[in-house]
Trainee: 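Take this structure first; my questions come after.
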Amino acid sequence: MATELTSRSGADPYAAHGLSLPRVVLNALHKRGIYCQPAVSLEHQHLAKRYVLRGVESGGAVSDLGRACAFVAPEGSPLRWLQRIDSIGVNGRHAIFLTEAMVRLEMLRVERTCELVLTWHTLAYIAGRTRPEVRSKLIFHGHDGILPLELWKEEHRALRGDVAPVFYSRAGEIVPLPKEYERAIKEITACVCCIGCKHSHLGVAPDRPPEGKRDVLG
């Protein structure tokens, strides 16, 4: 059973749903063949008799446009994927993650201008209920960030993963990135500049479980 998260009353809508993109942007992404799946869902593992969160790392780029969604652990470290997704197409799904708590990173790039949202998601068990609540909160929302380099161009390819957009406040002051997520932000920046992306930028391969055992979280 899967349930997509919905925003709780009074909660920041970015916490549950991520970026809110106008129809013209969604149409442009679709026209260019960039498919991003930012939804976080609640899943029940029947054999393990527990609930987990499910996220799909996805997205990619063309020269003038990029969008990506990825997931890391709450402290900012990489998550092991449950499975990598191989496909004939590009700029789509790359890997599936299952865990009890995660941070979602979602970025949109239009030329050198970027918007970034980081949201935290976890399970909360309530006394007397078997089904947990999903609690979400906004960590960071950066508007109109500027990339210092055109990372989608071949001459800057080696710098992907080392560069992040610079965000400013309305007063023109630099807004610092959350320190524990700086590496992840640089990696998702690489993804929105990766033309024809076919691989995971933030997820890591799972360790082989001991013989006869199965890692239900991946």
Side-chain angles (χ1 to χ4, degrees), residues 12-40 55-72 76 85 87-95 103-119 138-179 181-203:
D12 191 308
Y14 290 105
H17 304 295
L19 289 174
S20 178
L21 302 179
R23 176 56 57 185
V24 64
V25 174
L26 294 174
N27 288 342
L29 289 163
H30 180 76
K31 183 177 180 180
R32 288 161 175 78
I34 300 171
Y35 300 101
C36 190
Q37 198 172 318
V40 174
V56 180
E57 184 174 334
S58 53
V62 293
S63 60
D64 65 334
L65 194 61
R67 186 189 180 194
C69 178
F71 303 87
V72 294
I85 301 174
S87 63
I88 296 174
V90 298
N91 296 334
R93 300 185 305 159
H94 306 307
V103 168
R104 175 180 63 194
L105 301 94
E106 186 183 0
M107 182 180 284
L108 172 73
R109 175 184 66 83
V110 179
E111 296 286 356
R112 288 173 61 175
T113 302
C114 299
E115 185 172 1
L116 170 67
V117 168
L118 273 67
T119 53
L138 180 67
I139 297 173
F140 179 86
H141 186 189
H143 298 272
D144 297 333
I146 300 298
L147 277 175
L149 296 167
E150 296 175 331
L151 293 177
W152 58 91
K153 292 188 175 180
E154 192 63 29
E155 59 262 36
H156 300 308
R157 182 173 184 172
L159 295 174
R160 292 179 196 166
D162 293 325
V163 177
V166 178
F167 295 95
Y168 295 91
S169 70
R170 290 173 63 88
E173 298 173 319
I174 292 178
V175 177
L177 300 174
K179 276 201 169 296
Y181 304 113
E182 276 191 59
R183 170 51 54 191
I185 292 169
K186 289 177 180 178
E187 291 296 342
I188 199 168
T189 302
C191 189
V192 298
C193 295
C194 182
I195 296 177
C197 187
K198 295 191 71 171
H199 65 280
S200 171
H201 283 261
L202 280 83

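Every heavy atom of this structure was used, including side-chain atoms; hydrogens, water molecules and symmetry mates were not. Along the sequence shown, residues are numbered consecutively beginning with 1.
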Trainee: Do H143 and Y168 make the cut of ring centroids closer than 6.0 angstrom?
Mentor: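 Between Y168 and H143, which both carry aromatic rings, the centre distance is not below 6.0 Å.
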Trainee: How far apart are the closest heavy atoms of A184 and V72, and which atoms are they?
Mentor: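 Shortest heavy-atom separation between A184 and V72 comes out as CB-CG1, 3.9 Å.
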Trainee: How long is the span from the CD1 atom in I185 to the CG atom in L118, to the nearest 0.5 Å?
Mentor: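 Going from the CD1 atom of I185 to the CG atom of L118 covers 5.0 Å.
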Trainee: Mind listing the closest non-hydrogen atom pair of M107 and L19 along with its distance?
Mentor: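 For M107 versus L19, the nearest heavy atoms are C-CD1, 4.2 Å.
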Trainee: Might you point out which heavy atoms bring G161 and A190 nearest each other, and give the distance in Å?
Mentor: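 Smallest heavy-atom distance, with atoms named: N-CB, 3.6 Å.
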Trainee: Just by modelled atom types, is the C191 backbone N or O under 3.5 Å from a matching donor or acceptor in the R160 side chain?
Mentor: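 Side chain of R160 to backbone of C191, a donor-acceptor pair under 3.5 Å: no, none is there.
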Trainee: Measure across L21 and L26 and return the closest heavy-atom pair with its distance rounded to 0.1 Å.
Mentor: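 For L21 and L26, the tightest heavy-atom pair comes out as O-CD1, 3.8 Å.
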Trainee: Could you state the interatomic distance from CG (L105) to OG1 (T119), rounded to the nearest 0.5 Å?
Mentor: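 L105 atom CG to T119 atom OG1 measures 8.0 Å (nearest 0.5 Å).
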Trainee: Quick check for you: to the nearest 0.5 Å, what is the distance between K153 atom NZ and I195 atom CD1?
Mentor: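 Going from NZ on K153 over to CD1 on I195, the span is 10.0 Å.
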Trainee: Quick one, Q37 and C69 - any side-chain contact, counting heavy atoms below 4.5 Å?
Mentor: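 No, every pair of side-chain atoms sits at 4.5 Å or beyond.
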Trainee: Would you mind reporting whether T113 and I146 have side-chain heavy atoms less than 4.5 Å apart?
Mentor: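 In contact.
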Trainee: Can you tell me if R67 uses its side chain to pair, donor with acceptor, with the backbone of I34 under 3.5 Å?
Mentor: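 No.
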Trainee: Given side chain to side chain contact (heavy atoms under 4.5 Å, CB included), test E115 with H141 step by step and report yes or no.
Mentor: CA-CA 8 Å; E115 185 172 1; H141 186 189; 2.7 Å; yes
Trainee: For the pair H94 (side chain) and G59 (backbone), establish whether a donor and an acceptor sit closer than 3.5 Å, ignoring hydrogens and angles.
Mentor: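 The answer is yes, because a donor-acceptor pair under 3.5 Å joins these two groups.
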Trainee: When you compare the side chain of R32 with that of D64, does any pair of heavy atoms fall below 4.5 Å?
Mentor: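 In short, these two side chains touch, coming nearer than 4.5 Å.
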Trainee: Would you check if V25 and V110 make a side-chain contact, meaning some heavy-atom pair closer than 4.5 Å?
Mentor: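 Contact flag for V25/V110 side chains = no.
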Trainee: Identify the heavy atoms of K198 and G89 that sit nearest to each other, and give their distance.
Mentor: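 Closest approach of K198 to G89, heavy atoms only: CE-O, 3.7 Å.
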Trainee: Within the 4.5 Å heavy-atom criterion, are V163 and P148 side-chain neighbours or not?
Mentor: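 Yes, at least one pair of side-chain atoms sits under 4.5 Å.
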Trainee: Would you give the length of the straight line joining atom NZ of K186 to atom CG of L151, rounded to the nearest 0.5 angstrom?
Mentor: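 Spacing of NZ (K186) from CG (L151) equals 11.5 Å.
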Trainee: Is there a side-chain contact between P165 and T189 (heavy atoms, below 4.5 Å)?
Mentor: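 The answer is yes, as the side chains (C-beta and beyond) meet within the 4.5 Å cut-off.
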Trainee: Could you check whether any side-chain N or O of E187 sits under 3.5 Å from a backbone N or O of L202, counting only pairs where one atom can act as donor and the other as acceptor?
Mentor: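 Absent.
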Trainee: Using 0.5 Å steps for rounding, measure from the CD atom of E154 to the CZ atom of R157.
Mentor: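 The CZ atom of R157 is 5.0 Å from CD of E154, to the nearest 0.5 Å.
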Trainee: Is the side chain of N91 donor-acceptor paired with the backbone N or O of C197 at a distance under 3.5 Å, no angle test?
Mentor: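 Yes, because the side chain of N91 sits within donor-acceptor range (under 3.5 Å) of the backbone of C197.
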Trainee: When you compare the side chain of H156 with that of C193, does any pair of heavy atoms fall below 4.5 Å?
Mentor: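 No, every pair of side-chain atoms sits at 4.5 Å or beyond.
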Trainee: Testing the basics here: between S58 and R93, what is the closest heavy-atom pair and its distance to 0.1 Å?
Mentor: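 Closest approach of S58 to R93: CB-CA, 3.9 Å.
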Trainee: Would you say the side chain of L177 lies within less than 4.5 Å of the side chain of F167, judging by non-hydrogen atoms?
Mentor: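 The answer is yes; the side chains approach within 4.5 Å.
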Trainee: Any donor-acceptor pair under 3.5 Å linking the side chain of E57 with the backbone of H201?
Mentor: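 Answer holds: yes.
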Trainee: Could you tell me whether a side-chain N or O of R112 sits under 3.5 Å from a main-chain N or O of L147, the two making a donor and an acceptor?
Mentor: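 At least one qualifying donor-acceptor pair exists.
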